[in-house]
Amino acid sequence: MFYSKEEFKENFVKLLEQQQQPASSKTAYSILAGMVREFVQRDWDETTYLYQEEQRKQLYYFSIEFLIGRMLGQNLVNLSLYEMVNEGLDELGYSLAELEEQEPEPGLGNGGLGRLAACFMDSLASLQMPGHGCGIRYKGGLFSQGLNDGFQTEQPTDWINDSIGWDTRREDLALYIPFFGKLHASGKGPFKPEHRDAKWVKAVPYDMPIVGAYGNTVNTLRLWQAELPEQQLLPAGDIDAYQQQVETISDRLYPDDSTEEGKLLRLKQQYFLCSASLQTIVKNRDFPITVLPKHVAIQINDTHPALAIPELMRILLDEEGLSWEEAWGITTHTISYTNHTILEEAMEKWSSQMLEQLLPRVYMIIQEIDRRFKEKCHQEKLDPEALKKLAIIDDGTVKMATLAVVGSYRVNGVAKLHTDILKMREMKELNEHFPHKFHNKTNGITHRRWLVKANPELSDLISSAIGDEWKRDTMKLHKLNEFTQDPVFLGDFKAVKQQKKNQLADYLVKHQAVTIDPESIYDMHIKRFHGYKRQLMNILHIQMLYNRIKEDASYRPHPRTFFFAGKAAKSYQFAKQVIKLINTIAEQINTDPVARHHLHVVFVEDYSVSRAEKMFPAADISEQISTASKEASGTGNMKFMMNGAVTLGTFDGATVEIVEQIGDDNAFIFGLSAQQVMQFEKEKTYHAREFIEKDREIGRVVSELLSGSLSKGAENIDFIRRQLIGENDPFFVLKDLQHYARTHNRVLAEYEDSLAWQEMSVVNIAQSGIFSSDRTIRQYSDEVWGLEKVHSK
Ligand code: NBG
């Protein structure tokens, strides 16, 4: 270990010299990571020891995704070693930034849900709270995205083979999980089924250290890998084929579920995660099982881990021998649930038949939970419609969100608006039945990655103005409000923003061979591709701008670069067509001799945490344009805000709360409100056709679109056509389009007043403190988990 820059340099050089091969950046990265790993290990051992000593309550956060991003840089920041190492390497002729790029990035998540889990891990460790993650160690993670003729391509990633391994294999904690088979009841006494002819899978945990800032807390992210079990648990037959079947469980995140086979695989993954995580928690405890809720809290991140409820019941009933009432009491005081969506299609449902076949005992328990719950509901004399909504098993399917609510002690949405909609509409009956369960926890993001690490220049500027206490307590960013009129500070801010814009431009030249104008306005729409997120509206508006430039020689607006980044799920054809559309329009505009001086469209490929770290700090405008009511929270909106980008968006998700913080004058809000959207949905009074027929500009852009001229062929937009025309534009793209266009004009006009623009940016930063995930985690801890700070030094 090293305690000064000189010592660091000395050790680093010594280790380099011991290498056989010439010191490539990869080697230098491995050496550095190994050196950092020593600090981490020391603190990790100490934290583990302390947790055992102090017997404090532990939280386990179950999630199918953990989008943790690269570890080296963040670990250095959290260990307060970043500057020392950066300078030391610089003096030795190495660039830390370049070494960081050598780290393979684990793609263990898809979007906000997985990144939220990662931010929560960082906050828990930094607040010195005992909170750990439980997930799956996907070999491939989410696919890596490329573009071929404007179409998304998907390649498997292989982060594990390339990795220096921050994680540690824990063979000693390996477990076995049964699938399929039959139950046989024992003869006498309490029902204790024996599971025969099961197909066994070995679950091996890999522990990843989660390094907290400020203290020495290192928590654990436990990721499970599926492997072939030992001889005695192997089925008869072809072992190679069985091995392959077993290993697919931890092969990919979100396997294609458009087939029955794919669905079964997803279900296996979910049970694998829940069973392995719960079995270790229960087995390795040192307290009586009856007081589990005093020692353990389990948060299920969306419904993917909702099988934790019947699985914990199974363990308590069959392995610990408790009665149903005791087991139910414990389960419903241990588990709580976060909902992340109101989209009907995203609410998971599993076929009863599939569940019963794959997990016979678990299904039996779900049936019993459902039977008892229905019995209770019947006593309340509810109408049949309400009863149907409250059913866990309905029409041959198991509704996982309902199961999650019934089996949890607290249920939350992720922004005020989202929670209200859940309570009033999607989960109205459940909320009426359990009036005290529902609560809101507005999401947050870790400023340690999204500001301190991603934007050290801005971070330093902030500290030079208000000191650096804000790093520990982001509410102190409020002090920046005193600088919103200070021309010197605003000028400095502008210079930092320009620097980040230049850096991004350089990065894109190097990594994507794209040249952008760093003087242009950077307008960014970066998130998963989805109908409700309305990338389609954005690109149609860009096409409208292009048409106007072509038509009107006096219209020559300030240069703007429109960035898109994000992946479309493999089987989501509509979203893939939007990607193709964006790229084709981009080609047309970027090569047009006139338009290209005013508009530039860039699709940044293979969006990831590390790319996001380069993009957020460089943005001028944050596009948050989801159909109001559909975006549960959004967290990109917070990352942009904290880096001084100004929001152009709808009143949706946490954007509502962002505007509450900064006031209407410091954001550009447009479009239908959530209320209006819900009203239109209910009354069915919106007719997309009217907009196409009556609005000349919209009519033109839609007919260009439908002709296929914007996508090199009408067959490349048939899913878009179906949605806009056949399904009457369910996301109100055409309805909001003109208001969106007018709002863009307002943005452009305000951008011309440079000082006023920077003032808006700085207000955004000053008011962003509340969106730190430290605040969110404190609230969860106080109101749901009951954790206590353990480690202090
Ligand atoms: C996403 C929502 C976002 C939200 C994140 C984190 C899913 C299912 N939901 O709005 O779309 O910010 O969850 O809560 O990925």
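Atoms within a ligand are numbered from 1 in the order they appear, just like the ligands themselves. Just so we're clear, the structure is a prediction, and the values are computed from it rather than from any experiment.
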request  = Check if R528 has a non-hydrogen atom at a distance under 4.0 Å from any atom of ligand 1.
outcome  = yes

Review point. Do E348 and R266 sit within salt-bridge range, that is, some charged N less than 4.0 Å from a carboxylate O?
Key: no

The residue among K630, R425, K349 that forms salt bridge (charged side-chain N to carboxylate O under 4.0 Å, His left out) with E344 is K349

Numbered in order shown, the ligand 1 atoms found under 4.0 Å of a heavy atom of Y532 are 11 (O)

Worksheet item: Is a salt bridge present between R449 and D122, judged by a nitrogen-to-oxygen distance below 4.0 Å?
Response: no

contact_flag A346 ligand 1 heavy-atom lt 4.0 Å: no

Regarding E660 and K416, does a basic nitrogen lie under 4.0 Å from an acidic carboxylate oxygen? yes

Closest to atom 2 (C) of ligand 1 among protein heavy atoms sits H340 O, 3.5 Å

The closest protein heavy-atom partner of atom 12 (O) of ligand 1 is G634 N, 2.8 Å

**OP:** Look at the side chain of Q577 and the backbone N and O of F574, then say whether any donor-acceptor pair between them is shorter than 3.5 Å.
**Re:** no

At under 4.0 Å between heavy atoms, what of N110 touches ligand 1? The answer is neither

task: Using atom types as modelled and distance alone, determine if a side-chain donor or acceptor of R410 lies under 3.5 Å from a backbone N or O of Y780.
output: no

message = Assess whether a salt bridge exists between K576 and E154, defined as any Lys/Arg side-chain N lying under 4.0 Å from an Asp/Glu carboxylate O.
response = yes

**Request:** Return a yes/no value for K533: is any of its N or O atoms, backbone included, closer than 3.5 angstrom to an N or O of ligand 1?
**Result:** no

Short version for V414: what comes under 4.0 Å of ligand 1, heavy atoms counted, is side chain

So the atoms of ligand 1 within less than 4.0 Å of a heavy atom of A632 turn out to be 10 (O)

Residue, atom and distance of the protein heavy atom nearest atom 10 (O) of ligand 1 read E631 OE1, 2.5 Å

